[in-house]
Amino acid sequence: MKFGFVTCVTLGLSCIEKIYADHHKLDLLITLKDEKSKAKSGRIYLDEFSEKHNIPLLKINHINDQEVIDAIKEHQIDWLFIIGWSQISSIEVINSTKFGVIGAHPTLLPQGRGRAAIPWAIIKNLDKTGVTFFKMDEGVDSGEIIAQQEIPIATTETATTLYKKVNDTHISLIATVINNIISGNVKTTSQDLSKVTYWAGRNKQDGEITLEMSVVEAERLIRATTHPYPGAFMILNNRKTIIWSAETTSVENPNRPVIKLKDGLLFLKEYEVVDI
């Protein structure tokens with residue numbers, strides 16, 4: 001059985017390391033060219049791992065480039081994993097493998113198809129999320145489910161802590177999935193179309209805190225966009241304050257940095273001020 005792996009982020013590298021820790025191997029690695037998406041959250045490089053384990057490494061601009069299809073065919077890849085990759089694969093890429101392409105999405109599909117799954121789970125105040133491994137089709141996160149695991153979300157959850165939980169769950173599930181593939185025990189389940197929801201992409205500007213926000217809204221946004229994401233921020237006097245952590249407070253103290261919102265106060269625990 002020949003496996004290929006496409007990734008450019010920590011979640012994918014964690015899965016690759018687990019595959020080798022469990023004494024399996026990969027026959028092809030694909031990642032972004034070094035100069036692309038340097039600011040992407042969790043961006044990693046596969047050169048060292050590729051060299052250490054003597055795995056062919058292809059660096060690309062886009063997953064649907066002809067060189068990707070050619071490489072998959074050349075290396076006779078049976079199953080291709082695409083994890084932590086924002087570009088949508090074409091049917092030509094999927095069909096270039098012998099058995100298919102497996103993706104992973106950090107929600108309990110069919111809920112939360114789309115982007116920015118970790119921030120949205122906190123912003124939406126969910127009490128649980130999860131990771132789903134699925135067989136890719138022509139849609140977005142719409143393929144049949146191969147494996148799925150729930151993740152509880154604490155009331156104090158931050159993007160940092162939830163990212164760690166999501167990473168650990170990827171590691172757990174990749175071990176199950178690849179063992180099932182090798183043993184010929186892969187089973188799939190169709191997604192319940194009556195429960196599909198879509199979450200939109202987010203950019204840095206979506207992290208802005210305005211004075212019209214409630215304390216709850218602002219504090220939740222801060223938790224949702226902290227490391228490894230760009231952070232929530234406020235613009236005051238032509239300066240940008242990036243807020244990494246904060247907590248509600250009932251007292252204005254001149255010795256503590258506090259922002260006043262429409263219904264209360266937030267004490268800034270960790271922040272930085274930059275010029276615009």
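For the pair R202 and W120, the cation-pi criterion (under 6.0 Å, within 45° of the ring axis) is fulfilled.
By the 4.5 Å heavy-atom criterion applied to side chains, V93 and I91 are not counted as neighbours. Between K2 and K98, every side-chain heavy-atom pair lies at or beyond the 4.5 Å cut-off. Taking the side chain as every heavy atom from C-beta outward, E208 and I235 approach each other to under 4.5 Å. Annotation: side chain of Q111 is not in contact with side chain of K195 (no heavy-atom distance under 4.5 Å). Between I259 and F267, every side-chain heavy-atom pair lies at or beyond the 4.5 Å cut-off. With a 4.5 Å cut-off on side-chain heavy atoms, S86 and K40 count as touching. Side-chain contact between T129 and L162: present, with at least one pair of heavy atoms (C-beta onward) separated by less than 4.5 Å. Between L46 and I44 there is a side-chain heavy-atom pair separated by less than 4.5 Å.
The local environment of CD in Q66 is crowded, with over 12 non-hydrogen atoms from other residues, nucleotides or ligands closer than 6.0 Å. Within 6.0 Å of the OH atom in Y271, the count of heavy atoms belonging to other residues, nucleotides or ligands does not exceed 12. Other residues, nucleotides and ligands place more than 12 heavy atoms under 6.0 Å from the CD atom of E247. Residue E35 places its CD atom among more than 12 non-hydrogen atoms of other residues, nucleotides or ligands, all under 6.0 Å distant.
In terms of heavy atoms, L265 sits closest to S250 at CD1-C, 4.2 Å. In plain terms, the two heavy atoms of I16 and L29 that are nearest each other are CD1-CD2, 3.8 Å. Nearest heavy-atom pair across I123 and L221 is CD1-CD1, 4.0 Å. Of all non-hydrogen atoms in M213 and D263, the two that sit nearest each other are O-OD1, 4.5 Å. Taking all atoms of both residues into account, the shortest heavy-atom contact from A104 to H170 is CB-NE2, 3.7 Å. Closest approach of V177 and A147 over heavy atoms only: CG2-CB, 3.9 Å.
I145 and V140 are members of different hydrophobic clusters when ILVMFWY side chains are connected at heavy-atom separations under 4.5 Å. Hydrophobic clustering places L173 together with L13 (ILVMFWY residues linked when any side-chain heavy atoms are closer than 4.5 Å, directly or through intermediates). Note: the hydrophobic cluster containing I83 also contains F3 (ILVMFWY, side chain heavy atoms under 4.5 Å, direct or indirect links). One hydrophobic cluster, built from ILVMFWY side chains closer than 4.5 Å, holds both L211 and I209. I102 and L108 are not part of a single hydrophobic cluster, where members link through side-chain heavy atoms under 4.5 Å apart.
Taking the charged nitrogens against the carboxylate oxygens, K135 and E144 have no contact shorter than 4.0 Å, which rules out a salt bridge. Between K25 and D27, at least one side-chain nitrogen of the basic residue sits less than 4.0 Å from a carboxylate oxygen of the acidic one, meeting the salt-bridge criterion. One finds no salt bridge joining D275 and K240 here, because no Lys/Arg side-chain nitrogen approaches an Asp/Glu carboxylate oxygen to under 4.0 Å.
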Worked verdict on Y45 versus D34 for side-chain contact (heavy atoms from CB on, under 4.5 Å): CA-CA 8 Å; Y45 300 87; D34 290 354; 3.7 Å; yes
Quick one, F5 with I82, criterion side-chain contact (heavy atoms from CB on, under 4.5 Å). Give me CA distance, side-chain angles, the key distance, then yes/no. CA-CA 6 Å; F5 207 108; I82 301 181; over 6 Å; no
side-chain contact (heavy atoms from CB on, under 4.5 Å) between I60 and K33: does it pass, once the steps are laid out? CA-CA 5 Å; I60 64 171; K33 291 185 175 180; 5.6 Å; no
Going through the distances and angles, do I77 and L80 end up as a side-chain contact (heavy atoms from CB on, under 4.5 Å)? CA-CA 7 Å; I77 300 301; L80 181 70; 4.3 Å; yes
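Between the side chain of R113 and the backbone N or O of T197, no donor-acceptor pair lies under 3.5 Å. Between the side chain of T132 and the main chain of T107, a donor-acceptor pair closer than 3.5 Å is present. Between the side chain of N167 and the main chain of Y163, no donor-acceptor pair closer than 3.5 Å is present. Between the N238 side chain and the I276 main chain, no donor and acceptor come within less than 3.5 Å of each other. Panel note: side chain S96, backbone K73; no donor-acceptor pair is recorded below 3.5 Å. Side-chain atoms of Q87 come within 3.5 Å of backbone atoms of N61 as a donor-acceptor pair (strictly under, hydrogens ignored). Proximity of a side-chain donor or acceptor of H105 to a complementary backbone N or O of S142 within less than 3.5 Å is not detected. The main-chain N or O of H227 is found under 3.5 Å from a side-chain atom of T160 such that the two form a donor-acceptor pair. Without hydrogens or angle criteria, T226 side chain to W244 main chain gives a donor-acceptor distance under 3.5 Å. Under the 3.5 Å distance criterion, the side-chain polar atoms of R223 are matched with a main-chain donor or acceptor of E157.
Expressed to the nearest 0.5 Å, how far CD1 of I30 lies from CG of L58 amounts to 5.5 Å. The line from OG1 of T189 to CG of L109 is 12.5 Å long, rounded to the nearest 0.5 Å. Rounded to the nearest 0.5 Å, atoms NZ (K124) and CD1 (I153) are 11.5 Å apart. Between atom CD1 of residue I174 and atom NZ of residue K18 there is a gap of 10.5 Å, rounded to the nearest 0.5 Å. Atom-to-atom distance recorded for T225:OG1 and I222:CD1 is 7.5 Å, nearest 0.5 angstrom. N95 contributes atom CG, which lies 8.0 Å from atom CD of E138 (distance to the nearest 0.5 angstrom).
Partner E92 forms a side-chain contact (heavy atoms from CB on, under 4.5 Å) with one of N64, I69, I72 and no other, that one being I69.
Between F49 and Y20, the distance from one ring center to the other falls under 6.0 angstrom.
Residues S183 and N185 have side chains that never bring a donor and an acceptor to within less than 3.5 angstrom of each other.
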